[in-house]
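Report on one structure; see the data block that follows.
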2 protein chains.
Amino acid sequence: MAATPLTLDEFDHRLLDLMQRDASRTLTSLGDAVGLSPSAVQRRITRYRRHGLLREVAVLDPNALPATTLATVWVAMERDTLRLHTAFRARMRAATEVQQCYALAGEWDYLVILVASSVAHYREVAERLFVDEGNVRRYETRLVFDTVKLGLNLPTRQSPRRRRKA
Amino acid sequence: MAATPLTLDEFDHRLLDLMQRDASRTLTSLGDAVGLSPSAVQRRITRYRRHGLLREVAVLDPNALPATTLATVWVAMERDTLRLHTAFRARMRAATEVQQCYALAGEWDYLVILVASSVAHYREVAERLFVDEGNVRRYETRLVFDTVKLGLNLPTRQSPRRRRKA
DNA sequence: TATGAAATTCCCTAAAC
DNA sequence: GTTTAGGGAATTTCATA
């Protein structure tokens, strides 16, 4: 999916940066910020969407929601079979409680970030996701007691922006 | 911030669920989905925003972006001083390379998810965030080589939805 | 092949009920 | 909560460099 190159110019970088912070801005406001007409902005955004580069979502503040239990889990698989990994990944993608899942290099195969409505609910989910299927050799849970920062902003440039001072 | 209770009814739960998946839907479309008029939907969304519960952001597909290096870092602090923790958290929130930061229970104090444009860039960032300040006792990095799932969807209900079968 | 300006349509927003 | 009406934004069309 989304194997298209899609060349980005400076306008694109600035637009994507702005939209990752706030996707509710109007085309006019975005255009003013980058020096483009609303039409031009809209055409570019349409292109991002068509290429599967961009989607818009609502982000909720976990602290405004009562009884939200977050947990981080590192997972080591039993064997390195492609089949087992594929099944595991499908399970992660399908589970609504899984917020994020990353394949890692090193001692642990995966990092999973889970959300549940209580610790009891978390145990239930962990049992279902990591024990019942039998592919998991070992997993370790660390409960989150505070979310310090929450976002998904990605840099769109190849190199970090130059700073005045190193 | 956002210490308001804010009672949610079934309409709210369904709306928040839909918007976490796709925030670009129109009020009419959302209203049709939950059985409410566009105006009613709009009033509710306005309320979410006023309470700081909801914001809208654009999410980019990391696989559509070349040269995106993701890394997970667990961090143990030198001492348990409130002052040191506060400073650390402020640094995490300020750094654009930090996608997420969670305070953990157990052996490690924090889990940080970082994004950089290259491994070299990552090293530079890690040096700046975890070494230069001197509050960090130990940190361990695991590079991400594949993003299996990426989202921030939170359940808004106290209990998980009942299933037909346990 | 990109742009910006104008016209149209549609949606958001705020009334009144 | 819904229906209504008005203003504003998104989208299309068009002329242009």
Side-chain angles (χ1 to χ4, degrees), chain A residues 2-61 64-66 152-153 155-159 161, chain B residues 2 4-61 64-66 152-154 156-158 161:
Chain A
T4 331
L6 204 148
T7 0
L8 303 175
D9 62 15
E10 191 54 31
F11 286 123
D12 293 315
H13 291 303
R14 295 183 59 192
L15 283 173
L16 290 169
D17 182 49
L18 290 169
M19 295 183 69
Q20 285 189 92
R21 298 170 199 271
D22 181 4
S24 70
R25 298 179 62 162
T26 65
L27 299 177
T28 310
S29 152
L30 289 170
D32 289 346
V34 305
L36 233 44
S37 74
S39 326
V41 174
Q42 192 223 11
R43 267 193 300 265
R44 283 164 187 265
I45 294 176
T46 306
R47 190 161 61 99
Y48 308 149
R49 277 197 257 250
R50 272 196 290 103
H51 282 79
L53 170 62
L54 179 145
R55 70 196 163 101
E56 279 149 281
V57 301
V59 177
L60 305 189
D61 179 5
L65 248 32
L152 295 175
N153 292 33
T156 60
R157 292 177 179 81
Q158 294 269 10
S159 315
R161 284 190 291 276
Chain B
T4 332
L6 202 147
T7 351
L8 302 176
D9 64 14
E10 190 55 30
F11 285 124
D12 293 315
H13 291 304
R14 295 183 60 194
L15 282 173
L16 291 169
D17 181 49
L18 289 170
M19 295 184 68
Q20 285 189 91
R21 298 171 202 272
D22 182 4
S24 70
R25 297 179 62 163
T26 64
L27 298 176
T28 311
S29 152
L30 289 170
D32 289 347
V34 305
L36 234 45
S37 74
S39 322
V41 174
Q42 191 222 359
R43 263 196 302 266
R44 282 165 187 264
I45 295 177
T46 305
R47 189 161 61 99
Y48 308 150
R49 277 197 257 249
R50 269 195 294 102
H51 282 78
L53 171 62
L54 179 144
R55 70 195 162 103
E56 280 149 280
V57 301
V59 177
L60 305 189
D61 178 5
L65 249 31
L152 295 175
N153 293 34
L154 296 176
T156 60
R157 293 178 178 81
Q158 293 269 12
R161 285 188 291 278

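Below, read A as the first sequence line, B as the second, and so on, with proteins coming before strands; counting in each chain starts at 1.
- Rounded to an integer number of Å, the gap from B:R49 CZ to C:dC12 P is 10 Å.
- For A:L8 and C:dA2, the CG to P distance is 13 Å, given to the nearest whole Å.
- Remark: P of C:dT3 and CD1 of A:I45 are 12 Å apart, rounded to the nearest angstrom.
- In this structure, A:D32 contributes its side chain and A:S29 its backbone to no donor-acceptor pair below 3.5 Å.
- Atom pair B:R25:CZ and C:dC12:P shows a separation of 12 Å (rounding to whole Å applied).
- Salt-bridge annotation for A:E56 and B:R25: absent, with no side-chain N of the basic residue lying under 4.0 Å from a carboxylate O of the acidic one.
- In this structure the side chain of B:L54 reaches within 4.5 angstrom of the side chain of B:R49, judged on heavy atoms.
- Rounded to an integer number of Å, the gap from A:D12 CG to C:dT1 P is 17 Å.
- Between B:Q42 and C:dT13, a side-chain N or O to OP1/OP2 separation shorter than 4.0 Å is present.
- For B:R50 and C:dT13, the CZ to C1' distance is 14 Å, given to the nearest whole Å.
- For A:D9 and C:dT3, the CG to C1' distance is 12 Å, given to the nearest whole Å.
- Between B:I45 and B:L27, the closest side-chain pair of non-hydrogen atoms falls below 4.5 Å.
- Per the geometry, CZ belonging to B:R47 stands 13 Å off C1' belonging to D:dG1, to the nearest Å.
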So which protein nitrogen or oxygen atoms get under 3.5 Å of nucleotides 4-7 of chain C's nitrogens or oxygens?
from	atom 1	to	atom 2	distance (Å)
C:dG4	OP2	A:S37	N	3.1
C:dG4	OP2	A:S37	OG	2.9
C:dG4	N7	A:R43	NH2	3.4
C:dG4	O6	A:R43	NH1	3.4
C:dA5	N6	A:S39	OG	3.0

For B:R21 and B:D17, what are the C-alpha separation, side-chain angles and deciding distance, and is it a side-chain contact (heavy atoms from CB on, under 4.5 Å)?
CA-CA 7 Å; B:R21 298 171 202 272; B:D17 181 49; 3.2 Å; yes
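- Two residues, B:F11 and A:L27, neighbour DNA chain D, and the one matched to the more 5' nucleotide by heavy-atom proximity is B:F11.
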Are A:T156 and A:D12 close enough, and set up right, to give a side-chain contact (heavy atoms from CB on, under 4.5 Å), and what steps lead you there?
CA-CA 9 Å; A:T156 60; A:D12 293 315; over 6 Å; no
